Amino acid sequence: VGAVLVFVPQIAILFFLIGVLEYTGYLPRVAYMVDRLLKPYGLDGKVFIPLLSSVACAVPGIMATRTIESQRTRLITIMISPLMTCSARLPVYTLLISAFIPATMIGPFTLPGLVMFGMYLLAVVVALGVALLLHRLGFQKQKHVVDFIHLPHYRLPNWPELFRYVWLRVYAFLRKAGTIIAGMAILLWFLLSFPMTDSPAMLQEWETLQAQAQTADRDERLATLEAQRSSYRLENSYGGRVGKFLAPVFYPIGYDWKLTIGVLGSLAAREVFVATLGTVFALGTVDEHSEGLTKTLVESRTPEGRPAYTIATCLSLLVFFAFSLQCVSTLGVARRETNSWKIPAVMFGYMFVLAYVSAFAVYWLARLFLV
């Protein structure tokens, strides 16, 4: 339920603002201003609002494509919207950049700040590149039609009609996308939570500590043991086993089985990657600002004594998360908006290939020149 409702405030705010722009007569003018810039990519000015909305979240961004009359342009916009840097990627970016990018100054700017800005810029460039490729390949060919953008007079919005406009779109999201989002969230929770296997040694220690009198040292040891039990359960869950099984696939781009489980967990939502790593490393509840998780990533070692994660791993993860479609919510909404699984399947496939190939290239180039 939380995985569904977390999108409602931003969807309501988004469609309220879109409605204000539309009812006041300003939205057609925005489309007119950017129309000429986007024509070479096979797009028009009406894709500006969906792409801008996708910077917050691809779910309302894809829903905002309903304002696009051309079916071809609408489908291309749906396919490139997840490439925009959404807010769910920020916890992952923050964690990786703070852990591995040195806080050096380059002119008036810090290097971490430039890397974060670069991730936003990279998303826009790649999204336009994919749109241009689809345009050149003749994706969803249709007869050429002359588009007319009507510029109405400026006016005050009709507030009752505007609120009804917002309510209908929020209700449509809850009714259509909510069922898929909730179902996929439950499936991923099940895979990462069961079977709830306990190590006999950990269980015995747990029972021993529970029988002791309550002290500060006992409570601290119980908290540490609880984190270790969570890590052990995750490692031996169905999802953990799948992560270990898929680890050889991700090894060429610098990920071990722990990062692979994190990537698997991020299919529920990208920001889950951080919490999953906290569980895998037996750190308990963490966020992107947790010094313990940052320190653990930096100080982790392989059995041979080498650093397990380096700046090459960091750059590989940044690029992978920038391009891959790790969000069942987005897939669910795309399925509802296109009334087919074909477009979501193509989206997931091309973005995974793009992410994997890019991460592979970045990882080995970074190892060659930076490590």
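Keep in mind it's a predicted model, so treat the numbers as computed, not measured.
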Original post:
Does the cation-pi check pass for Arg233 over Phe194, that is, NZ or CZ under 6.0 Å from the six-membered ring centre and within 45° of its axis?
Top reply: no

Subject >> Arg335/Asn339 under side-chain contact (heavy atoms from CB on, under 4.5 Å): CA gap, chis, key distance, verdict >> reply: CA-CA 5 Å; Arg335 157 67 179 84; Asn339 198 31; 3.6 Å; yes

**OP:** Answer yes or no: is there a donor N or O on one side and an acceptor on the other, between the side chain of Ser316 and the main chain of Ala312, under 3.5 Å?
**Re:** no

**OP:** Please examine the side chains of Ser53 and Ile18, heavy atoms only from C-beta on, and report whether any two atoms are closer than 4.5 Å.
**Re:** yes

Subject >> Near-ring test Trp167/Tyr171, centroid separation under 6.0 angstrom >> reply: yes

**OP:** Give a yes or no on this: more than 12 heavy atoms of other residues, nucleotides or ligands lie within 6.0 Å of atom CZ of Arg164.
**Re:** no

Original post:
So do the side chains of Phe15 and Met63 get within less than 4.5 Å of each other, counting heavy atoms only?
Top reply: yes

Subject >> CE-CG distance between Met196 and Asn236, expressed to the nearest 0.5 angstrom >> reply: 12.5 Å

**OP:** Indicate the ring-plane relationship of Phe16 and Phe163, choosing parallel, tilted or perpendicular according to the 30° and 60° boundaries.
**Re:** parallel

**OP:** List the atom of Pro307, the atom of Thr302, and the distance in Å for their closest heavy-atom pair.
**Re:** O-CG2, 4.1 Å

Original post:
Who pairs with Ala123 by side-chain contact (heavy atoms from CB on, under 4.5 Å), at least two apart in sequence or on another chain?
Top reply: Thr85

Subject >> For Pro157 against Leu162, the heavy-atom pair lying closest together >> reply: CB-CD2, 4.5 Å

**OP:** Indicate yes or no: does Arg74 engage Glu337 in a salt bridge with an N to O separation below 4.0 Å.
**Re:** yes

Only pairs under 3.5 Å count here: list side-chain donor-acceptor contacts from residues 89-103, not counting sequence neighbours, and write none if there are none.
from, atom 1, to, atom 2, distance (Å)
Arg89, NE, Phe321, O, 2.7
Arg89, NH1, Pro82, O, 3.3
Arg89, NH1, Met84, O, 2.6
Arg89, NH2, Pro82, O, 2.8
Arg89, NH2, Ala322, O, 3.2
Thr94, OG1, Leu90, O, 2.7
Ser98, OG, Thr94, O, 2.8
Ser98, OG, Leu95, O, 3.0

Subject >> Which atom of Leu134 lies closest to which atom of Arg72, heavy atoms considered >> reply: O-NH2, 4.5 Å

**OP:** State whether the side chain of Thr73 and the backbone N or O of Ser70 hold a donor-acceptor pair below 3.5 Å, judged by distance alone.
**Re:** no

Subject >> Minimum heavy-atom distance Phe323-Leu83, with the two atoms named >> reply: O-CD2, 3.8 Å

Subject >> Under 3.5 Å: donor-acceptor pair, side chain of Thr65, backbone of Gly61 >> reply: no

Original post:
Considering residues at least two apart in sequence or located in another chain, which fulfil the salt bridge (Lys or Arg N to Asp or Glu O under 4.0 Å) criterion with Lys295?
Top reply: none

**OP:** Quick one: pull up CZ in Phe352 and CE in Met347 and give me the separation to the nearest 0.5 Å.
**Re:** 15.5 Å

Original post:
Does Ser340 offer a backbone N or O that forms a donor-acceptor pair with the side chain of Thr338 under 3.5 Å?
Top reply: yes

Original post:
Hey, what do you get for CD1 (Ile68) to CG (Leu75), rounding to the nearest 0.5 Å?
Top reply: 9.5 Å

Original post:
Counting N and O atoms only, with roles assigned by atom type, does the side chain of Arg336 sit under 3.5 Å from a partner on the main chain of Gly332, one being a donor and the other an acceptor?
Top reply: no

Subject >> Student check: side-chain heavy atoms of Leu318 and Leu315 closer than 4.5 Å >> reply: yes

Subject >> Side chain proximity check, Ser81 to Leu51, heavy atoms < 4.5 angstrom >> reply: yes

Original post:
Quick check: does any side chain N or O of Thr24 sit under 3.5 Å from a backbone N or O of Leu21, one acting as donor and the other as acceptor?
Top reply: yes

Subject >> Distance in Å, Leu354 CG paired with Ser324 OG, rounded so as to fall on 0.5 Å steps >> reply: 9.5 Å

Subject >> Side-chain heavy atoms of Met79 within contact of Val130, under 4.5 Å >> reply: no

Subject >> Non-neighbouring partners of Asp256 that pass side chain to side chain donor-acceptor pair (under 3.5 Å), sequence neighbours left out >> reply: Tyr309

Original post:
Does the Arg155 side chain pair with the main chain of His153, one donor and one acceptor, at a distance under 3.5 Å?
Top reply: yes

Original post:
What's the spacing between Tyr356 OH and Phe320 CZ if we round to 0.5 Å?
Top reply: 9.0 Å

Original post:
Do Trp257 and Phe250 come within less than 4.5 Å of each other through their side chains, counting heavy atoms only?
Top reply: no

Original post:
Closest heavy-atom contact between Ala359 and Tyr255?
Top reply: CB-OH, 4.4 Å

Subject >> Partner residues of Ile13 under the side-chain contact (heavy atoms from CB on, under 4.5 Å) criterion, sequence neighbours left out >> reply: Leu17

Subject >> Thr313 to Gly254 - nearest heavy-atom pair and separation >> reply: CG2-O, 3.6 Å

Original post:
Could you state the interatomic distance from CZ (Phe109) to CE (Met116), rounded to the nearest 0.5 Å?
Top reply: 15.5 Å

Subject >> Under the side chain to side chain donor-acceptor pair (under 3.5 Å) test, residues paired with Ser300 that sit two or more places apart >> reply: none

